[in-house]
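Taking it in order: structure first as structure tokens, then the write-up.
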Number of protein chains: 2
Amino acid sequence: MAVSIWLRPERTGRGPSPAFDRGRIAAAGVALADADGLAAVTMRAVADSLGAAPASLYRYVATRDELLELMVDQVNGDVSYDGLGAGDWLEDLLALAREARERYRAHPWLLDGIEAKIPLGPRATDFLEHALAACAAASVEPGTAIEAVAVILALVGALTRAELGRRAIGLTDSERRQAKSEYAAQIVKAGDHPHVAAALASRAAEQATDPDAQFDRVVTRVLIGLLGGR
Amino acid sequence: MAVSIWLRPERTGRGPSPAFDRGRIAAAGVALADADGLAAVTMRAVADSLGAAPASLYRYVATRDELLELMVDQVNGDVSYDGLGAGDWLEDLLALAREARERYRAHPWLLDGIEAKIPLGPRATDFLEHALAACAAASVEPGTAIEAVAVILALVGALTRAELGRRAIGLTDSERRQAKSEYAAQIVKAGDHPHVAAALASRAAEQATDPDAQFDRVVTRVLIGLLGGR
DNA sequence: GGCTACTGCGAACGACGATCGCAGTTATGG
DNA sequence: CCATAACTGCGATCGTCGTTCGCAGTAGCC
């Protein structure tokens with residue numbers, strides 16, 4: 001029950017051939033989100049833009065969240081991997097970063113979230129003030145300081161998210177997490193994506209290592225790299 | 001019309017004294033979100049947990065999004081700034097990063113978003129595979145490689161978000177963005193938060209500089225710092 | 001050719017965010 | 001001191017949303 005959409009095969013079998021497929025539905029959703037934001041992606045709107053009835057979508061997608069998952073994956077496909085592996089790794093990663101930036105620029109709704117905008121509430125401003133004061137002590141040019149703080153906050157968010165996600169992959173928490181875990185297992189079994197499989201395996205093994213020490217190490221490295229060595 | 005909640009004064013004046021205040025409402029929302037996720041934060045649920053009717057909340061908050069804004073700011077207040085400025089800037093920033101991590105750990109819904117979980121769709125796996133291959137070329141230990149990729153993606157997201165936010169602060173886009181801009185102007189005028197004011201001002205001025213070059217510079221620095229120099 | 005597993009979908013349900021107007025309450029000003 | 005004005009909480013309600021159910025039609029399988 002509630003298995004991940006990537007493990008469920010696309011339509012095949014006995015009845016009449018389906019009018020659409022996951023790709024077309026995802027594309028319709030992406031078009032709506034690009035035009036009017038994530039909130040405009042309602043089941044009715046997607047169905048309308050496809051010339052179908054709302055209820056029909058549920059033949060392809062179990063829930064709206066799955067539709068969003070389809071949209072994210074669709075957008076993740078707009079990446080060119082040409083010319084990778086020719087130069088050094090730094091160039092490769094920079095190129096991938098640029099690709100990711102293009103993705104976010106073209107589809108800003110990917111960044112939609114509760115902390116999406118630059119945080120500017122009163123207490124957030126307090127935090128920002130202290131962080132910028134520390135940056136000033138590092139004699140960072142003020143123009144890039146606020147960028148640096150944004151990087152730090154995103155970095156912390158990513159590490160925390162990774163930490164929470166690690167538990168999700170390792171342990172069987174809720175059903176939904178277990179579904180994700182099953183898909184990860186299938187990636188490992190499939191054999192393509194060897195690096196991803198290795199990372200997932202080592203991630204499960206590394207579960208015992210101290211995440212706090214790793215956190216400090218990563219943050220320190222990034223800060224030194226970003227703001228200059230001591 | 002549609003002015004930011006931080007510019008609107010909390011209740012005062014003639015009528016009967018209000019039963020709650022923004023702080024209590026925000027706390028109720030945070031409690032619900034901590035317990036059952038962001039989706040559990042409905043106007044009815046918050047009102048119920050406060051012993052009030054749903055319609056009453058709209059005396060304190062114009063919309064549900066404003067309630068979420070209140071919640072985020074409330075949570076941003078759970079930060080200790082003690083001992084800052086004593087050591088060097090690196091220690092200060094690391095301490096602030098740890099504070100932020102505690103915040104995310106205590107309130108995981110802050111990280112809720114469309115790309116919140118570790119992306120594991122088929123096309124996302126392709127991207128991950130290429131990025132991890134580049135990390136392998138840099139001879140990063142596989143356990144931290146996937147962490148590094150998460151950092152890179154978050155970094156790109158933050159920079160892009162900052163880029164989009166920069167336009168929002170500088171230009172008068174929609175009404176909502178303009179409201180944020182007005183609050184930024186008030187921060188500058190108020191005089192406390194001098195570093196934030198300076199950053200906002202320089203950000204407006206720096207609008208003409210090439211964001212792409214800055215992007216490459218920041219990403220390169222972080223990558224070198226994170227994965228080792230060449 | 002009948003059985004079976006599919007198809008799209010009309011109609012409906014419950015929950016949600018938000019609005020409106022009303023009765024009650026309190027500070028203010030003449 | 002009281003009338004007025006500006007607030008209060010809130011019952012009732014509206015439109016929209018995600019989702020479900022059952023039905024009529026269709027295509028492959030034995």
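Letters A, B, ... mirror the listed sequences (proteins, then strands); counts begin at 1.
- Between the side chain of Tyr81(B) and the backbone N or O of Phe127(A) there is at least one donor-acceptor pair closer than 3.5 Å.
- For Arg59(B) and dG9(D), a side-chain-to-base donor-acceptor distance below 3.5 Å is present, hydrogens and geometry of angles not being considered.
- Under a 3.5 Å cut-off, the side chain of Glu10(A) and the backbone N or O of Arg22(A) do form a donor-acceptor pair.
- Rounded to whole angstrom, the span from the CD1 atom of Ile25(B) across to the C1' atom of dG9(D) amounts to 12 Å.
- Under a 3.5 Å cut-off, the side chain of Glu129(A) and the backbone N or O of His195(B) do form a donor-acceptor pair.
- Of the two residues near DNA chain C, Arg14(B) and Gly15(A), the one whose nearest nucleotide lies more 5' is Gly15(A).
- To the nearest angstrom, P of dC17(D) lies 10 Å from CZ of Arg64(A).
- Taking atom CG on Leu67(A) and atom C1' on dG18(D), their separation rounds to 12 Å, with Å as the unit.
- Distance alone, capped at 3.5 Å, is enough to place a donor-acceptor pair between the Glu66(B) side chain and the Ala62(B) backbone.
- Taking CG of Leu38(B) as the start and CG of Leu111(B) as the end, the distance is 10.5 Å to the nearest 0.5 Å.
- In this structure a side-chain-to-backbone donor-acceptor pair under 3.5 Å is present from Arg64(B) to Val41(B).
- Applying a 4.0 Å cut-off to non-hydrogen atoms, the residues of residues 38-58 of chain A that approach DNA chain C are Ala52(A), Ala53(A), Ala55(A), Ser56(A), listed by residue number.
- Residue Thr63(A) has no polar side-chain atom (N or O) positioned under 4.0 Å from OP1 or OP2 of dG18(D).
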